[in-house]
> 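I have a structure I would like to understand better, so I am pasting it below and will then ask my questions one at a time.
Bear in mind the structure is a predicted one, so any value in this text is a computation, not a measurement. Along the sequence shown, residues are numbered consecutively beginning with 1.
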Amino acid sequence: MIGKTYTTMLGERELSIETGKLAKLVSGSVTLRYGDTMLLVTAQARDDKSTLDFLPLTVEFEERHYAVGKIPGSFHRREGRPGEKAILGARITDRQIRPLFPKGYRHETQVIITVISADGQNAPDVLGPVGASAALSLSDIPWAGPTACVRVGQVDGQYVINPTAEQLTRSPMDLVVAGTRDAVMMVEAGAQNASEDDLVGAIEFAHAEMQGVISLIETMREEMGQEKFNFLEETDLTTDLVPELTEKAKAGGLKDALLTVKKKDRSARTKALRDGIIAGYEPDPDADGAKERITALKNAFNKVEKQELRRLILEDDLRADGRDSKTVRPIWIEARPLPRAHGSAIFTRGETQVLGVTTLGTERDEILVDDLSAEDNDKFLLHYNFPPYSTGEVKRMGGQSRREIGHGNLAKRAIRAVLPSFEEFPYVIRIVGEVLESNGSSSMATVCAGTLSLMDAGVPIKAPVAGVAMGLVMEGDKYRVLTDILGLEDALGDMDFKVCGTAEGVTALQMDIKVGGITPQIMREALAQARDGRLHILGKMAEVLAAPRPELSPTAPRIISLKINPELIGKVIGPGGKQIRELEAMGAQITVEEDGTVRVFSAESASAEAVRDRIMSITREAKAGEEFDGTVVKTTPFGAFINLYPGQDGMLHISQMSEERVNAVEDVMNVGDKLRVKIVAVDDRGKIDLIRPELEGKIAPREARPPRSGGGDRGGRPPGATEGGP
């Protein structure tokens, strides 16, 4: 028998992991199945060590359209660069496995997740990390797993592990949790104003439920795993230098340098102090071996700087810019800085600044989704841009990075929870977050700026949303949670915990843990402290814009929605689209849905209203008893066709034209004549019979007259007759 399969129950379905059957030349390979969703996951490392000074790990998430029986929609009909969902799936896996590679490991390592079957109900994004954990555990790559990853929903008040796509539509929470046997390592969530207690409960539930998967992978490793290869650990030349450098740095004023408020000034002061100390050890930088010794001294100083920063936080509750652990940096906000944008706002918190811009469009602007999901479009877009000047750097600019996509997705999930439905507000909405300055949590500033730009545009959101990034410094049993962390605190701290929400609850969060794990109590404390920070920021936002502007922005286009009889859609479109082209020539875009919903979109209210009135006229349904001032448009031997309103004619039979007998229609009226008429009846084909209202009651209604025998027109007149009445 080829290969071996291991199974366990995960939630309500069986999870199976098979190894030894497919892709056998790679170091670690597994095929994972959950329902009818299947993934092939491989892990491979290079034999030679990289010269890079960081872990060269790449995670690829490959979606194959054959997995759902589709041919790609691209021009070449093959898969191209990964879509947004694939990139987000790769990031979930990367964030789970990266912290568990040994320190100093520098072998280029690649994990490839390929979705080979997708059932549309069991999402592959949380299965990829499980497959990566199994592949790495079985491989010869040094890695301190296993880990597991699950999704948690809340259906009918109960937590559900790996809810199906259908169950997620009924869940106010979509929480992804990854962890080891002993600790939670990563959390990502979107929610509908979830309470902090519900979130902590869901995280604890997820960690307990993933233990069976971790046990399964441990069994696989014991039975099928390879021996890990030895890698050359970096020789740490700095350890012996740290105590001495610490004394010199303290004497030189390191504390005061670290407590400098502005990032550039703080960096300049610490660099000057470092260079002065190093010069005492290496006065001649060009001497033999000086370069290596200077690098070692710089690394040692970085350790000293980190230790002192963490000591100040833990012992003195002092942070790099002089704040205590709970204080949010100063905030200033400007609404509508861009005169022509539909909605705009600048949100600045300390040295982090984002320009948020909202643009409103029609259904023609929705983004087409070409991935393995059942969705084919998205009417809400949020794009996060992080140019190099935001950090005072010079870098090559290209396409959107994975980091930008991940940060943008977090902000998108946070704001989506408060958007009106498309039926309530029939616009496609695009938010762009332009990061102008970055020193800590530009994604959370994007949430604030994006929310303010929506309110500036007049979008009727349910409630304002704000976001704040939390940090953690932990040494043994001693810890301190930090509100609104700086970039330096993110790099030197033990947690990056971003929390977004309204005054009522949480709408999105993202947590990455850099230590062995945190307790539920620390998590609750961080969420409670985040809520205080969020309410403070919401208060500052309310001072500028407390709610959406009562009127749509004057520069925003207008959309008018109306409902017509679906059977009359053809009249709006016209033969070959002639009618709808004439309507759009009036200065509007028009969309027509199968249920009869028509939306008119125009940059000017007057044009939209004119097109709406025209459509209402074209699709108006006449009713018996209505009177009109009509115009004769055609005469026949048996009567005259009267135009009642654009697109609608009725028949005035010759017998309904006068009290006297009429021998010829032209004796009474001619084409172009105007006269008052009344609808007598509308038949099941929409044909209209008319009468002159002043004759009503004076002549017999046409329906009461006995029908003529044989053929004839629909009024009972025999073929060829030119005279009226019997």
> A quick test of your reading: do over 12 heavy atoms of other residues, nucleotides or ligands sit less than 6.0 Å from CD of Glu393?
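Yes, CD of Glu393 has more than 12 neighbouring heavy atoms, counting only those of other groups under 6.0 Å.
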> Looking only at side-chain N and O atoms, does Glu504 offer a donor or acceptor that is under 3.5 Å from a partner on Thr502?
no
> If you measure from the Lys or Arg side-chain nitrogens to the Asp or Glu carboxylate oxygens, is any gap between Arg91 and Glu188 under 4.0 Å?
no
> Please name the pair of heavy atoms, one in Tyr159 and one in Asp197, separated by the smallest distance, quoted to 0.1 Å.
OH-O, 4.4 Å
> Could you tell me whether a side-chain N or O of Glu63 sits under 3.5 Å from a main-chain N or O of Val115, the two making a donor and an acceptor?
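Pair absent, no side-chain N/O of Glu63 close to backbone of Val115.
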> Indicate the ring-plane relationship of Tyr384 and His407, choosing parallel, tilted or perpendicular according to the 30° and 60° boundaries.
tilted
> Within the distance-only criterion (no hydrogens, no angle test), does the side chain of Asn193 pair as donor or acceptor with the backbone N or O of Val506 below 3.5 angstrom?
no
> Nearest 0.5 angstrom please: Ile429 CD1 to Ile461 CD1, how far?
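Here the interatomic distance stands at 9.5 Å.
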> What I want to check is whether the side chains of Thr597 and Asp595 have a donor and an acceptor closer together than 3.5 Å.
yes
> Within a reach of under 6.0 Å around NZ of Lys571, are more than 12 heavy atoms found that belong to other residues, nucleotides or ligands?
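Yes - once you tally the heavy atoms of other residues, nucleotides and ligands closer than 6.0 Å, there are more than 12.
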> Using 0.5 Å steps for rounding, measure from the CG atom of Asp496 to the CE atom of Met470.
11.0 Å
> Which heavy atom of Ala132 sits nearest a heavy atom of Ile97, and at what distance?
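Taking every non-hydrogen atom into account, CB-CG2, 4.5 Å.
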> Would you tell me whether Thr348 and Gln353 have side-chain atoms, one donor and one acceptor, within less than 3.5 Å of each other?
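A donor-acceptor contact under 3.5 Å links the two side chains.
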> Test your reading of the model: is there a side-chain donor-acceptor pair from Ser171 to the backbone of Val155, 3.5 Å cut-off?
no
> Checking the side chain of Gln648 only, and the main-chain atoms of Tyr645 only, is there a donor and an acceptor separated by less than 3.5 Å?
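No; judged by distance alone, with no hydrogens or angles, the pair does not exist.
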> Could you go through the side chain to side chain contact (heavy atoms under 4.5 Å, CB included) check for Phe497 and Leu527 one step at a time?
CA-CA 9 Å; Phe497 192 4; Leu527 283 166; 3.7 Å; yes
> Is the number of heavy atoms from other residues, nucleotides or ligands under 6.0 Å of Glu166 CD greater than 12?
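Buried by this count: over 12 neighbours within 6.0 Å.
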> For the atom pair CG (Leu127) and OG1 (Thr37), what is the distance rounded to the nearest 0.5 Å?
6.5 Å
> Side chains of Phe61 and Pro82: closer than 4.5 Å at any heavy-atom pair?
no
> Quick check for you: to the nearest 0.5 Å, what is the distance between Leu419 atom CG and Tyr427 atom OH?
14.5 Å
> Minimum heavy-atom separation for Leu545 and Asp456, please, with both atom names.
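Heavy atoms only, the tightest pair is CD1-N, 3.8 Å.
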> Just wondering, are more than 12 heavy atoms of other shown residues or ligands nearer than 6.0 Å to CE in Met616?
no
> Can Arg402 and Glu60 be counted as an ion pair, charged N to O under 4.0 angstrom?
yes
> For Glu609, which residues count as a side chain to side chain contact (heavy atoms under 4.5 Å, CB included) partner, sequence neighbours excluded?
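In terms of side chain to side chain contact (heavy atoms under 4.5 Å, CB included), with neighbours along the sequence ignored, Glu609 is linked to Ile560, Ser605, Arg612.
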> Take Asn565 and Thr619, measure what side chain to side chain contact (heavy atoms under 4.5 Å, CB included) needs, and give me the verdict at the end.
CA-CA 8 Å; Asn565 185 339; Thr619 59; over 6 Å; no
> Take atom CD of Glu567 as the centre, draw a 6.0 Å sphere, and report whether it contains more than 12 heavy atoms from other residues, nucleotides or ligands.
no
> Check for a donor-acceptor pair, side chain of Thr391 on one end and backbone N or O of Ser438 on the other, with a separation under 3.5 Å.
no
> Distance-only, no hydrogens or angles: does the Arg416 side chain make a donor-acceptor pair with backbone N or O of Ala414 under 3.5 Å?
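It does not hold such a pair.
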> Donor-acceptor check, side chain of Thr352 to backbone of Gly440, threshold 3.5 angstrom: yes or no?
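At least one qualifying donor-acceptor pair exists.
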> For residues Cys149 and Gln96, report the shortest heavy-atom separation together with the two atoms involved.
CB-OE1, 3.3 Å
> Before giving the answer on side chain to side chain contact (heavy atoms under 4.5 Å, CB included), spell out for Asp125 and Arg151 the whole-Å C-alpha distance, their side-chain angles and the decisive distance to 0.1 Å.
CA-CA 9 Å; Asp125 59 345; Arg151 172 174 274 110; 2.7 Å; yes
> Looking at Val465 and Cys500, what are the two nearest heavy atoms and their distance?
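Looking at all heavy atoms of both residues, the closest pair is CG1-CB, 4.4 Å.
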> Flag the pair Thr114 / Arg64 as yes when at least one side-chain heavy-atom distance between them is below 4.5 Å, and no otherwise.
yes
> So Trp332 and Ile346, do their side chains get closer than 4.5 Å, heavy atoms only?
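They are in contact (side-chain heavy atoms under 4.5 Å apart), so the answer is yes.
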> Enter the distance from Thr446:OG1 to Lys412:NZ here, rounded to the nearest 0.5 Å.
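One gets 14.5 Å once the value is rounded to the nearest 0.5 Å.
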> Please check this pair: side chain of Arg98 against backbone of Leu57, looking for a donor-acceptor N/O pair closer than 3.5 Å.
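Yes: the side chain of Arg98 pairs with the backbone of Leu57.
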> My understanding is that only one of Arg534, Arg349, Lys498 makes a salt bridge (Lys or Arg N to Asp or Glu O under 4.0 Å) with Asp484; could you say which?
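Only one option passes, and that is Arg349.
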> If we only count heavy atoms from C-beta on, is the Asn122 to Asp36 side-chain gap below 4.5 Å?
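No - every pair of side-chain heavy atoms lies 4.5 Å or more apart.
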> Does any N or O in the side chain of Arg581 come within less than 3.5 Å of the main-chain N or O of Gly576, such that one atom is a donor and the other an acceptor?
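Checking the backbone N and O of Gly576 against the side chain of Arg581, a donor-acceptor pair under 3.5 Å is found.
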> May I ask you to test the Phe601-Val428 pair for a side-chain heavy-atom distance under 4.5 Å?
no
> Would you say Ser553 and Arg336 make side-chain contact, with heavy atoms under 4.5 Å?
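Of all side-chain heavy-atom pairs linking Arg336 with Ser553, at least one is under 4.5 Å.
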> So does Lys263 get a backbone contact from the side chain of Glu351, meaning a donor-acceptor N/O pair under 3.5 Å?
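Yes, the answer is positive, given that a donor and an acceptor are paired below the 3.5 Å cut-off.
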> Begin from the C-alpha positions of Gln579 and Arg614 and carry the test side chain to side chain contact (heavy atoms under 4.5 Å, CB included) through to its verdict.
CA-CA 11 Å; Gln579 182 65 66; Arg614 176 71 172 162; 4.2 Å; yes
> Hey, are the side chains of Phe380 and Ile431 touching, using non-hydrogen atoms and a 4.5 Å cut-off?
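Of all side-chain heavy-atom pairs linking Ile431 with Phe380, at least one is under 4.5 Å.
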> Within this structure, what is the CG-CD distance for the pair Leu175 and Gln154, rounded to the nearest 0.5 Å?
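Result: 10.0 Å between the selected atoms.
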> So, for Val126 and Val150, which heavy atoms are closest and what is the spacing to 0.1 Å?
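That would be CG1-C, 4.3 Å.
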> I want to check something: taking the side chain as every heavy atom from C-beta on, are Leu360 and Leu552 in contact at a cut-off of under 4.5 Å?
yes
